[in-house]
Amino acid sequence: MPERPTLDGLEHKWRERWERDGVYRFDRTKPRDAVFSIDTPPPTVSGRLHSGHVFSYTHTDLIARYRRMTGREVFYPMGWDDNGLNVERRVQLMTGTIVDPSLAYDPDFKPPVPPDGPGQAKAKPIPVSRPNFIELCQQVVPQLEESYHELWSTIGLSVDWSHTYTTIGPRATRVSQLGFLRLLDRGIAYRAESPTLWDVDMRTSVAQAELQDREVPGAYYRLIFRGPLGEPLPIDTTRPELLAACVAMVAHPDDARYQGLFGQTATTPIFGVSVPIVAHELGDPEKGTGLAMVCTFGDTTDVTWWRDLNLDLRVLLQRDGRLRSVTWGEPPFQSMDPVRAQAAYDELAGKTAKQAHSRIVELLQQSGDLEGAPRPITHAVKFWENGTRPLEIVSSNQWFIRYPEKAVLLERGEELRWWPDFMRVRYENWVNGLIGDWNITRQRFFGVPFPIWYPIDEDGTIDYLAPISADPGTLPVDPTTVPAPGFTESQRNQPGGFAADPDVMDTWATSSMSPMIVTGWEEDADLFARTFPMDLRPQAHEIIRTWLFTSVVRAHYELDTIPWRNAAISGFIVDPDRKKLSKSAGNQEGDPTLLIARHGADALRYWAAQGRPGLDMTFDEGQMKIGRRLATKLLNASRFALNLGPDPRDRDPDTMPGAPLDRALLAGLASVVEEATANFEQFDYARALERTESFFWPFCDDYLELVKNRAYGDAGDPDRDSVLVTLRLALETFLKLFAPFLPFVTEEVWSWWKTGSIHRSDWPQAAFVKAAAGPPIADGLLETAGEVLSLIRKAKTKAQVSMRAPVANVSITAGRDKLALITIAEGDIRNAGVVESPLRLTEGEEFLVEAILV
RNA sequence: GGGCCCUUAGCUCAGUCCGGCUAGAGCGCUUCCCUGACACGGAAGAGGCCACUGGUUCAAGUCCAGUAGGGCCCACCA
C-alpha cells in the first residue's frame, strides 16, 4: 500500500496490467448459457469522440462488468464504423481532395494535405481517382481508430481488444455481400428504377432513415393555370421552378370547388402544357387554393401522386441539382406553344434549382401569370441528416431490400425486451410509418461494393436487369477489380463483355449485420453457437429506426430470430439549455481526454453512470467532481481500514463480528447488495450506484467515526477484532459494488490486499453478508447512533469548536425503543463524540439531545 | 396532426411502478473546524405552492382526467 494513495496515473497503470493479464479476454470454451454477448455500436470514425460517446459506452461497460462478476463470460467486441459517407466527407476535408471517378489511378499521387497531419485543408479540393481516394481513406481511418482505442482503454471499457472489426474490413464486407446475395437469390433484394431521394452535393441517394426535416424559409407563389374553358385556376406553390415538370393538378375528391373539373384538363402557364385535373385523398382543401400542381418530382407527395394516379414523367432535375436541357414539342414535353416554351425554358436549363427559381419568378411576373406578391413562410424540408442543401428527387436505378410484413416486424419488436420499455414505441412508430422498401444503394466510393456485374450487349448497352452474382466462395470481392465469373479482365466495359456494379452499399446494409459479423456467422460455427443470438444490444434512441430496425430485419430473414434478447437504449447528453449536444457542436469542454486529465476516468464514469437508462442527461462537470471525491474517499477509507492491523481471521479463521453496531452495519450492507443486484438485473445501473453510494457515505462519516476508538484498541480485544473483521468484510463488499462504476480505484485498492483482479472476482452475495451479520438485531441501531453523534456535532459546530473538543455530558430524551438502541451503542457514541461522562437518558415523547461542552 | 418522455431547492437530480411519519442527495451559498484514513477533507445552516386545475382516497410529489411548458420520435410538406 502506498504511503499516500492517489488517483493520479491509475488509468495508465491498470489498463496496461489488464491488457497484459488478459482480464477481459473472452474464453470461448464456455457454453452458450454461461456467456453474455454484447453487440456494441461501432462508433463512426469520422470525427472526434465527445462526452456523449463516453456517456453511452460507459453504460454498456457497467452492464458488462456486472455480468462478468456474476460469473458470465462476457463477449464484448468492439467495431469501428469506417464505412460510408461520413468517413468520405471527413477524408475529403482532411486531405483536400474530391473524387473524380473518370480519373485513372496515379501511383505517385500526393494529397494537398498529408493524411497523417493534424490540420484540415483550406484550399479548394483537387480531383483524385477513386482508387487513390480509397488509399487515402485507408491511411486516415486506422489513425482515427487508434485514437478511439486509446480513449476507450483510458475510460476503462472492458472490451476484448482481440475481437475487433471494421465495417469496411474483409470480414464485414464478406458478411454484407453474402447476406446480400442470399436475399437476391430469394427475391428479397431486387433492382429497380425508381424515384429516389438525392443529395445533390454528395451526389448520392439517401435512405428514408437518414432523412432529417429542417425548417427553412420559403414562399408561396400563386400561379394562374387555365381551365378547360380558359378560366383562371390559381394554385399555390413553393417551387415554381418545377413548373415545366408539371404533370397534373390535384384536389381532394370532396372539394366542392373542383367537382366539375375532375377528368378535365388544364393548361400550365408559360409552357402551355395540357395536364389532367385529378382527385386524390392527399389533396388538402385547407392548403393554398385546395388545388395543387404535381411535378415530377418536387417532394415525396408528388411521388405518391405520380404512382397512384399513373401520371406522366417529366424529369427536369439532374443528379448535380441543375435543370437539364429538354426539347419542347417532343414527348414527354408536348406543348401548345413549343416555341414559347422552348424560349422560356432555355433560360432555365443548366441553372441550379435555386437559380431557376429566381428566373422563373421573373418570367411569370412578365407574363402576368403570377398573382399578387410571394407570401413568405417557413416550412419543413427534407435534408440528408449531414447535408447542407435540400434533397431533390431523381429517378435512378437502385438496389432495394423488401421489408417483411409490418405485422411480422411488430411481432419481432414484441419479442425483444426493451430497457426502458417505452422505447419500443419508437420502433413501432417507425414500422407503422414505413413507406416503400429499403434502398441500400449509395453512389459513393468508400464502402462495401455490390458483388455484382452486368452483361454488356453487342451494342454496348449495359443490361442492368440481368445482374451476374459473385460466387459466394470468392467473397469478399470488388467487382471493379475482379472480372465477372466467366469473363476475363480484358472484357471489362467492352461490348459483349461486362461492367461492374458501380455503387456501394448503404452503411446500414453492413451495420445491420453486426450481430452476425461479430459472432462468426458462416465462418466460425463454434463461436456462433456460443454467442448468437446475442444477449444485449446497447444503443442510442436516435438510431432505433436505422441500426436496431435494420438489424431486426436482417436477423429475421437470415436466421428467423431476433438478433438479441435485450435492447438497452441510452439517452443523449444535452447542453444546459436542453439542446442536444451534437457531434459537430461538441465543444471543447466536452473533450473526454481533457475531462479525464482533469477529473480522472473513474469520475467521468461516475458522471455517466447517473444517466438513467433511456433518459437524456445534462453535461455537468460538477458531477465529475463528486465522482472524483468518491474515488478519493474509497482510497482513504480503505487505507484506514487496512492499516489497522492484520485480519483477525488470520489468527482465528472463525472470528465473527460480535459488536451490535458492527452487525447492524453488515445487515444494512446486505440489503444494499440485494437492491443493487436487483437493479443491475433490470439494467438500472444508475439506481444500483445510488443505493451503494448512499450507504457508503454514512459508512464513512458515521460508522467509521463511531468505531474508531475500538479499532485503535489492543490486539486481541474481541471488540477490536469485531471492528476489524467487519471493516474488511464491508470494504470488500463496497469495492465489489463499486467495481463496475469505478474500475480503476477499486482495482487499485483490491491490489493492496487481494490477489487477482477485482473485475474477475465474484459479485457480492447478500446472503453471505447477512450471515456474517449474525442473528437479527434491533432496527435502526446504526441510524440512531449516527443521529445522536450528529446532534453532538451540531452542538460543537454551534460553539464553533473542533470536533475533537470534549463534551462534559449529554442528556438525551427519547422513546423507550430509541433509548434501548442508544444504550447498546453508548460506548461507541461516547468515544466518537468525546463525551466524558455516561449519557443521561430520560424517557419521553420527543427526541432531544443536549450536549454540554467542557 | 399522432405518440413517447420530462417538469421536485439557485443548479444537477433521486423519490412516482407498489399512495403512508416533518419531501431527500450533491453542487453552489453561509458559518465553523487542520481531530491519529482523508483540507482533493470534515461539521453544521439557510433554501421547496413537488408546473397548474380538477377527481379518487382516512391520506396524493406518488393513482386518474385534463391544461401548460420543455425535449424527442413519427406523419404532413402543394
Just call it for T6(A): base, sugar-phosphate, or nothing, with non-hydrogen atoms closer than 4.0 Å on any strand. nothing
D616(A) side chain to G571(A) backbone, donor-acceptor under 3.5 Å: no
For G41(B), what is the paired nucleotide under Watson-Crick or G-U wobble rules, both distances under 3.5 Å? C33(B)
Salt bridge (Lys or Arg N to Asp or Glu O under 4.0 Å) involving E681(A) - partner list, sequence neighbours excluded: R67(A)
Does a side-chain N-to-carboxylate-O contact under 4.0 Å join R612(A) and E690(A)? yes
OP1 or OP2 of G42(B) sitting under 4.0 Å from any side-chain N/O of K633(A)? yes
Presence of R222(A) side-chain N/O under 4.0 Å of A78(B) phosphate oxygens OP1/OP2: no
K287(A) charged N/C atom sitting above Y220(A) aromatic ring, 6.0 Å / 45°: no
Residue set satisfying side chain to side chain contact (heavy atoms under 4.5 Å, CB included) with S570(A), at least two apart, ordered chain then number -> S56(A), H59(A)
To the nearest Å, give me how far apart CG (L282(A)) and C1' (A75(B)) are. 11 Å
Applying side chain to side chain contact (heavy atoms under 4.5 Å, CB included), can you list everything that pairs with F422(A), at least two apart in sequence or on another chain? P420(A), L615(A)
For a quick test of reading the model: is some side-chain N or O of R545(A) closer than 4.0 Å to OP1 or OP2 of C74(B)? yes
Say you pick atom C1' in G1(B) and the same atom in C76(B); how far apart are they, in whole Å? 8 Å
Watson-Crick or G-U wobble partner of C63(B), both distances under 3.5 Å: G55(B)
From the options U35(B), U31(B), C13(B), select the nucleotide whose nearest atom is closest to the side chain of T618(A). C13(B)
Please state how far atom OH in Y685(A) lies from atom C1' in A14(B), giving the value in whole angstrom units. 15 Å
Integer-rounded Å distance: C17(B) C1' and R612(A) CZ: 13 Å
Can you identify which nucleotide, out of G15(B), C5(B), C38(B), has its nearest atom closest to the R639(A) side chain? C38(B)
The nucleotide from G3(B), A14(B), C32(B) with an atom nearest the side chain of E690(A) is A14(B)
Separation of the P atoms in C17(B) and A60(B), to the nearest angstrom: 14 Å
On a whole-Å scale, what distance lies between the P atoms belonging to C74(B) and U56(B)? 41 Å
Among pairs that include at least one residue of residues 626-643 of chain A, which meet side chain to side chain donor-acceptor pair (under 3.5 Å), considering only residues two or more places apart or in two chains? D8(A)-R628(A)
What does G283(A) touch in the nucleic acid at a heavy-atom separation under 4.0 angstrom: a base, only the sugar-phosphate, or nothing? base
When you compare C21(B) with C29(B), how far apart are their C1' atoms, in angstrom units rounded to a whole number? 30 Å
Is R628(A) touching bases, backbone alone, or none of the nucleic acid, heavy atoms closer than 4.0 Å? base
Distance check: side-chain N/O of K796(A) vs OP1/OP2 of A44(B), anything under 4.0 Å? no
Which whole-number value in Å describes the distance from E675(A) CD to G15(B) P? 12 Å
Quick one: L853(A) CG to C32(B) P, roughly how many Å, whole number? 17 Å
What is the distance from CG of N429(A) to P of G2(B), rounded to the nearest Å? 13 Å
Please check: side-chain N/O of W306(A) versus main-chain N/O of F297(A), any donor-acceptor pairing under 3.5 Å? no
Tell me every residue that passes ring pair (Phe, Tyr, Trp, His ring centres under 6.0 Å) with W750(A), counting only those two or more places apart in sequence or in another chain. none
Checking contacts here: which listed nucleotide (C4(B), A44(B), G36(B)) is nearest the side-chain heavy atoms of R793(A)? A44(B)
P atoms of A23(B) and C64(B), separation to the nearest Å: 23 Å
Can you tell me how far C1' in G47(B) sits from the matching atom in U62(B), rounded to whole Å? 24 Å
Please check if any side-chain donor atom of D684(A) sits under 3.5 Å from a side-chain acceptor atom of N679(A), or the reverse. no
Interatomic distance, M803(A) CE vs U31(B) C1' [rounded to whole Å]: 12 Å
In whole Å, what separates the C1' atom of U30(B) from that of C73(B)? 46 Å
Under a 3.5 Å limit on both distances, the Watson-Crick or wobble mate of C72(B) is G3(B)
On RNA chain B, compare the nucleotides closest to D236(A) and L789(A); which residue's is nearer the 5' end? L789(A)
Return yes if a side-chain donor-acceptor contact under 3.5 Å exists between H357(A) and Y221(A), otherwise no. yes
Which residues pass the ring pair (Phe, Tyr, Trp, His ring centres under 6.0 Å) test with F680(A), not counting sequence neighbours? Y66(A), F741(A), W763(A)
Strand partner of G26(B), provided both Watson-Crick or wobble distances fall under 3.5 Å: C11(B)
For R830(A), side chain to side chain donor-acceptor pair (under 3.5 Å) partners two or more places apart: none
Would you say a side-chain N or O of T301(A) is under 4.0 Å from OP1 or OP2 of C76(B)? no
Taking only the side-chain heavy atoms of S802(A) (C-beta and beyond), determine which of C33(B), U31(B), G71(B) contains the nearest atom. C33(B)
Residue-level proximity of residues 698-707 of chain A to RNA chain B when a heavy atom falls under 4.0 Å: C700(A), D701(A), L704(A), E705(A)
Could you give the CG-to-P distance, from D684(A) to C17(B), as a whole number of Å? 15 Å
Return the pairing partner of C49(B) with a 3.5 Å limit on both distances, Watson-Crick or G-U wobble; otherwise return none. none
Counting only heavy atoms and a strict 4.0 angstrom limit, can you tell me which residues of residues 287-299 of chain A come near RNA chain B? K287(A), A292(A), M293(A)
Between G69(B) and C52(B), how far apart are the two C1' atoms, rounded to whole Å? 10 Å
Test of understanding: with side chain to side chain contact (heavy atoms under 4.5 Å, CB included), list the residues that count as partners of L635(A), not counting sequence neighbours. P5(A), L7(A), V745(A), E748(A), V749(A), W752(A)
Atom pairs under 3.5 Å: protein N/O with N/O of nucleotides 20-30 of chain B:
residue, atom, partner, partner atom, Å
C27(B), OP1, R629(A), NH1, 3.2

From the set A75(B), A14(B), C32(B), return the single nucleotide nearest to any side-chain atom of W430(A). A75(B)
Residue pairs, two or more places apart or on separate chains, that pass salt bridge (Lys or Arg N to Asp or Glu O under 4.0 Å) and touch residues 693-703 of chain A: D702(A)-R793(A)
